[in-house]
Protein chains: 2
Amino acid sequence: MDGMSTEPAAEPRWLSDEEQYAWQSYLHATTLLEDHLDRQLQRDAGMPHVYYGLLVQLSRAPRRRMRMTELAQNAKITRSRLSHAVARLEKNGWVRRENCPSDKRGQLAHLTDEGMHVLEKAAPGHVAAVRGALFDRLSPEQIGQLAEICRVMADGLQPKGADLPWLR
Amino acid sequence: MDGMSTEPAAEPRWLSDEEQYAWQSYLHATTLLEDHLDRQLQRDAGMPHVYYGLLVQLSRAPRRRMRMTELAQNAKITRSRLSHAVARLEKNGWVRRENCPSDKRGQLAHLTDEGMHVLEKAAPGHVAAVRGALFDRLSPEQIGQLAEICRVMADGLQPKGADLPWLR
DNA sequence: CACCCGTTATTGAAGGTTGAACAATTCATG
DNA sequence: CATGAATTGTTCAACCTTCAATAACGGGTG
């Protein structure tokens, strides 16, 4: 051995100037947008953005019902987080839990009529916010570029460990 | 009046298929990436991503010192959130608060030597995570596209009301 | 069937975030 | 300079998220 054997500390490849600029812009844009949508929905619909997304998922599901794990996968959140979220939404009367007939461990989250109504009330304002912040500011080409970039990112991040062992 | 006078409920412009796809991809990519970085930094450095970003800002500031409000602006978070964050970082010994000489209301956040050391320890792993999830997966063109898209987004979201009355 | 392992969903505690309210200070304007 | 308006940073309570631990069930193997 000559002192540079295991080399766990080889000088890392830092970000180039272009990459640093892109990263900074990315962080600013994403935090500002998430905050913006959170505030908009908290004000107009009484829930954070993530919870709204859960209602949307449920509204598109077959009988407005979805298994907890499937819902968590689609929303990219942990089952634990979903449990707490659904508990809160259930308290509001927007979602109800039901036992899954085919699997006694399972639960179905069911979007109630009241929940559907809240969603329909909130949707226009939310779409307007998303448009105003994103789609009305980008060219069609940019929208396509963004979609492709995000697809690549998400592809590389599909969790394979810990609490999110999906798509193994 | 003929019943459609004030029209606050004109059918909103929903998202096109392309836009829906882009939006879905965006949400998946950004939440997965943020979670990924949060876990990585929590594991390797004992703090969430946002807190790490604060240390980075401070490390680049003139005497490793920055006014609270300026720091909050740069990190795109509220002063309240920053207060809590700095309180925690101070408990860890990574940041110290100092009175601002020129403004008796003000506080300076100061990155300590220990904080600097923690940052230097954590930086390589963090950069590697960002690379692995983002920059090593995108072409140079895509990196440029992403930067431009995010610049436009951030531009349109600079807060002008509520608790974030910056850039008025 | 008995066993072991993986999965499903929940819980509780610790930590992080939000929004409103507050005291202290500075600024602008008459 | 006096007064009201605006800024700075913190605090509290309510809420949200994370992580590890747990109970209950399913599924394959011998």
For atom [atom1] of [X] and atom [atom2] of [N], their distance in whole Å:
X      : N      : atom1 : atom2 : answer
A:L82  : D:dC19 : CG    : P     : 16 Å
B:N99  : D:dT8  : CG    : P     : 16 Å
B:Q107 : C:dT25 : CD    : P     : 12 Å
B:R67  : D:dG9  : CZ    : P     : 4 Å
A:I77  : C:dA9  : CD1   : P     : 13 Å
B:L41  : C:dG16 : CG    : C1'   : 15 Å
A:L54  : D:dC16 : CG    : P     : 12 Å
A:H49  : C:dT17 : NE2   : P     : 19 Å

**Study point:** Among C:dT17, D:dC16, C:dG19, the one nearest A:R88 by side-chain distance
**Key:**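 Closest nucleotide to the A:R88 side chain: D:dC16.
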Practice item. With the side chain of B:S83 defined as its heavy atoms from C-beta on, choose the nearest nucleotide among C:dA9, D:dT11, D:dC16. Key: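 Given the options C:dA9, D:dT11, D:dC16, the side chain of B:S83 is closest to D:dT11.
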Check your understanding: Can A:V56 be reached from A:L71 by stepping across I, L, V, M, F, W or Y side chains whose heavy atoms are under 4.5 Å apart?
Key ->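 Looking at the clustering, A:V56 is in the same group as A:L71.
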Review point. Is B:L108 linked to B:W94 within one hydrophobic cluster, defined over Ile, Leu, Val, Met, Phe, Trp and Tyr using a side-chain heavy-atom separation of less than 4.5 Å?
Key: no
Check your understanding: Looking at B:R67 and B:C100, what are the two nearest heavy atoms and their distance?
Key ->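 B:R67 and B:C100 have their closest heavy atoms at NH1-SG, 3.3 Å.
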Review point. Between B:A75 and B:L54, what is the shortest heavy-atom contact and its length?
Key: CB-CD2, 3.7 Å
Point to revise | Set of residues satisfying side-chain hydrogen bond (donor to acceptor under 3.5 Å, both in side chains) with respect to A:E120, sequence neighbours excluded | key: none
Practice item. Report yes if a donor N or O on one partner sits less than 3.5 Å from an acceptor N or O on the other, where the partners are the side chain of B:H84 and the base of D:dC12; otherwise report no. Key: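 By the distance-only test, yes, there is a pair.
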Exercise for review: Check whether any side-chain N or O of A:R79 sits under 4.0 Å from OP1 or OP2 of C:dA9, and answer yes or no.
Suggested key: no
Point to revise | Atom pair CE/CG of B:M47 and B:L89 - distance to nearest 0.5 Å | key: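 One finds 7.5 Å between CE of B:M47 and CG of B:L89.
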Review point. Once you build an axis from the first five pairs and another from the last five of the helix from C:dC1-D:dG30 to C:dG30-D:dC1, how far apart in angle are they, to 10 degrees?
Key: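 Rounded value for the end-axis angle: 30°.
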Practice item. Mind checking B:R97 for me? I need base, sugar-phosphate or nothing, with any heavy atom below 4.0 Å counting as a touch. Key: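 Sugar-phosphate contact only.
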Provide a list of protein-nucleic acid N or O atom pairs under 3.5 angstrom, restricted to nucleotides 20-25 of chain D.
{"unit_1": "D:dC25", "atom_1": "O2", "unit_2": "A:R105", "atom_2": "NH1", "d": "3.4"}

